[in-house]
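These numbers come from a predicted model, not from an experiment. Keep in mind that the numbers below use all heavy atoms, side chains included, and drop hydrogens, waters and symmetry copies.
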Amino acid sequence: MEFVATGLRFNPHKAGLGSVNEEEATRVIVDTSKGTEFYKNEERKEKLLEKRITEVTELAGTLTEQDKERIEKLVDEQFIVSWEQERDFSRVIVHLDMDAFFASVEEIDQPSLKSLPMAVGSTSMLSTANYEARKYGVRSAMPGFIALKLCPQLVIVPPRFHRYCAISNQIASLLREFDSHVHMSMDEAYMDITEYLKTQSGTIDDVVSKIRQKVFENTGITCSAGVACNTMLAKIATDLNKPNGQTFVQPDTISIRNFLNPLSVRKIPGVGRVTEKLLSSLNIISIQDLISNRSILFHCMKRKTFKFLLQSALGIAPAFISDSESRKGMSRERTFKPTSSLEELRKICESVSELLSSDLEAEDLCAKTVTLKIKCSDFSIRTRGVTKCFFIYRYEQILENAWKLLLKELPVEIRLLGVRVNGLVPRSEVLTQRKNSLENFVSNTLKYKENNADLMYEKVKDFGSLAPTAWSLFRENRQQNEKEPEISSTGVCPVCLNFRSSNSCLLEKHVNFCIERQEHALKKIPTNSGKLKKPRI
DNA sequence: GGGACCTGGGTAC
DNA sequence: TTCCAGTACCCAGGTCCC
């Protein structure tokens with residue numbers, strides 16, 4: 001077959017796809033995609049990848065045999081020895097993966113689907129496929145219309161996320177019996193059963209079988225499991241015995257090496273098809289190759305990538321996911337028929353911003369950074385971000401920031417619009433901070449603009465639910481003390497709450513700057529009608 | 001020189 | 001008929017500012 005871009009090749013890395021004719025499936029995908037903007041974009045991406053490959057192979061070519069020996073010694077002494085000393089074999093981690101989860105749920109609810117090739121999703125995109133459909137090369141993240149070419153009798157069922165969530169929650173509560181801190185996403189779970197095992201007489205394999213049996217008896221869903229001393233190994237192990245099976249990796253260096261060495265680098269979670277191709281250009285195909293070519297890895301990769309790849313190859317990873325890990329950002333995006341109409345884009349931007357502000361509201365968060373994402377009609381992606389000097393959460397604030405970023409990109413034909421927020425902080429914390437700064441805000445820092453009621457109104461508005469309080473405090477203060485406007489020595493900027501200074505000139509300068517930024521940002525925002533009426537002074 | 005920020009890209013599910 | 005998603009995280013490289 002002619003040369004095919006990496007992203008267009010049939011991807012066999014999924015349970016149940018082993019028997020598929022890879023070349024034939026790739027041919028169908030290519031024939032269906034050829035000439036489309038998607039195809040052209042894949043070709044563009046492929047060219048960039050080829051460039052990276054040329055650079056990395058040239059770099060590898062500069063190493064002499066003596067260099068390699070020297071670097072190997074350094075890697076062994078400086079890195080591997082200390083990593084090995086820090087290994088933790090003490091935990092027993094179980095990774096559970098529900099077999100073709102969405103499809104299994106649909107089969108339980110409609111048993112007639114069981115014998116048919118079936119996938120959950122739409123003609124645009126599939127979420128998952130049952131094992132019957134996988135025999136034809138149909139898999140998750142495959143467009144439905146291509147899947148139908150591979151398997152014309154495929155039944156595509158629309159997703160019912162509420163139903164999947166309900167069953168996922170049910171499974172999570174079952175698993176809490178074995179680990180009260182279980183980490184459950186929609187269709188997979190990580191458990192630390194070290195403590196639970198101490199209360200049991202059976203082997204690890206017995207206990208894991210019991211867990212899987214319990215899930216099956218209560219939900220009808222089969223699942224696969226991997227058991228090892230850390231989450232990464234457990235996850236790789238799960239993949240080896242799918243569906244409805246389990247794999248245990250003994251917690252010692254030799255067993256771990258024997259388990260990992262023959263596997264493809266692609267089995268490492270975090271190594272996708274691009275990294276796989278990049279590594280294969282360096283003749284690194286298996287995990288064993290990663291270790292034996294550690295000098296090349298050290299020479300050609302960035303430090304973090306080198307560390308990640310070599311540690312993964314050695315089976316070294318954090319034992320478990322920390323409980324304290326919190327969410328870093330949230331986003332919403334929508335794909336639609338490509339358009340450059342300002343009116344249509346505004347409506348989409350409004351609806352995406354509204355969803356995002358509801359998400360922030362639901363988790364009581366506010367954010368510092370707003371990022372706009374657009375996918376143009378040629379499938380190229382642009383992101384544009386802005387970091388504010390104050391926290392935002394209101395729909396209008398998100399919308400106007402995203403919209404301004406979008407206006408700068410026009411004219412352009414767009415097929416996807418997304419908005420993301422980062423720098424998340426609990427809203428209650430910010431409100432408490434604001435509340436604490438209200439006194440300073442009113443009695444000191446803003447005195448110098450006290451006669452400008454309109455400006456004050458705009459300023460106060462940013463206090464959100466505290467705005468009426470801020471306003472009345474301002475008015476009260478204005479009446480009580482009209483003579484001596486002065487800047488407090490306890491200076492916290494009431495606008496951004498980040499800047500602190502005991503230097504009153506500096507503080508005033510900063511507050512002025514912040515207010516101007518705010519006014520600029522607030523200019524086009526409609527007032528919060530009903531909640532805060534503009535008072536007359 | 002280092003940190004923060006911005007943008008693009010890779011990956012998982 | 002349909003014609004490649006949505007959410008989240010991490011890393012790398014560039015720029016700017018102190």
So does [X] get a side-chain nitrogen or oxygen closer than 4.0 Å to the phosphate oxygens (OP1/OP2) of [N]?
X: A:R420; N: C:dC9; value: yes
X: A:T275; N: B:dT11; value: yes
X: A:R415; N: C:dA5; value: yes
X: A:T335; N: C:dG6; value: yes
X: A:K337; N: C:dC3; value: no
X: A:R332; N: C:dT7; value: yes

Which one, [options], comes nearest to the side chain of [X]?
X: A:R273; options: B:dT11, B:dG9, C:dA8; result: B:dT11
X: A:A141; options: B:dG10, C:dA5, C:dG6; result: C:dA5
X: A:R327; options: C:dA5, C:dC9, C:dT2; result: C:dC9
X: A:V274; options: C:dG6, C:dC4, B:dG10; result: B:dG10
X: A:K328; options: C:dC9, C:dT7, C:dC4; result: C:dC9
X: A:S331; options: C:dA5, C:dA8, C:dC9; result: C:dA8

Atom CZ of A:R382 and atom P of B:dG9 are separated, to the nearest Å, by 12 Å

By nearest heavy atom, map A:D97 and A:T371 onto DNA chain B; which one lands nearer the 5' end?
A:T371

Need one value for [X]: base, sugar-phosphate or nothing, where a base atom within 4.0 Å counts as base even if backbone is also close, heavy atoms only.
X: A:M142; value: nothing
X: A:L416; value: sugar-phosphate
X: A:K149; value: nothing

Distances for protein N or O near nucleotides 4-6 of chain B N or O, under 3.5 Å:
{"from": "B:dC6", "atom 1": "OP1", "to": "A:T387", "atom 2": "N", "distance (Å)": "3.2"}
{"from": "B:dC6", "atom 1": "OP2", "to": "A:T387", "atom 2": "OG1", "distance (Å)": "2.4"}

Paired stretches of DNA chain C - 3 or more consecutive Watson-Crick or G-U pairs, each distance under 3.5 Å
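So far as stems of 3 or more pairs are concerned, DNA chain C shows B:1-13 with C:6-18.
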
Measure the shortest side-chain to side-chain distance between A:Y393 and A:L365 over non-hydrogen atoms and say whether it is less than 4.5 angstrom.
no

Separation between the P atoms of C:dC4 and B:dA12, rounded to whole Å
23 Å

Identify all pairs in which a protein N or O lies below 3.5 Å from an N or O of nucleotides 12-17 of chain C, and state each distance.
{"from": "C:dA12", "atom 1": "OP1", "to": "A:T305", "atom 2": "OG1", "distance (Å)": "2.7"}

Answer yes or no on whether A:R44 is positioned over the face of A:Y39, meaning its NZ or CZ is under 6.0 Å from the six-membered ring centre and within 45° of the axis.
no

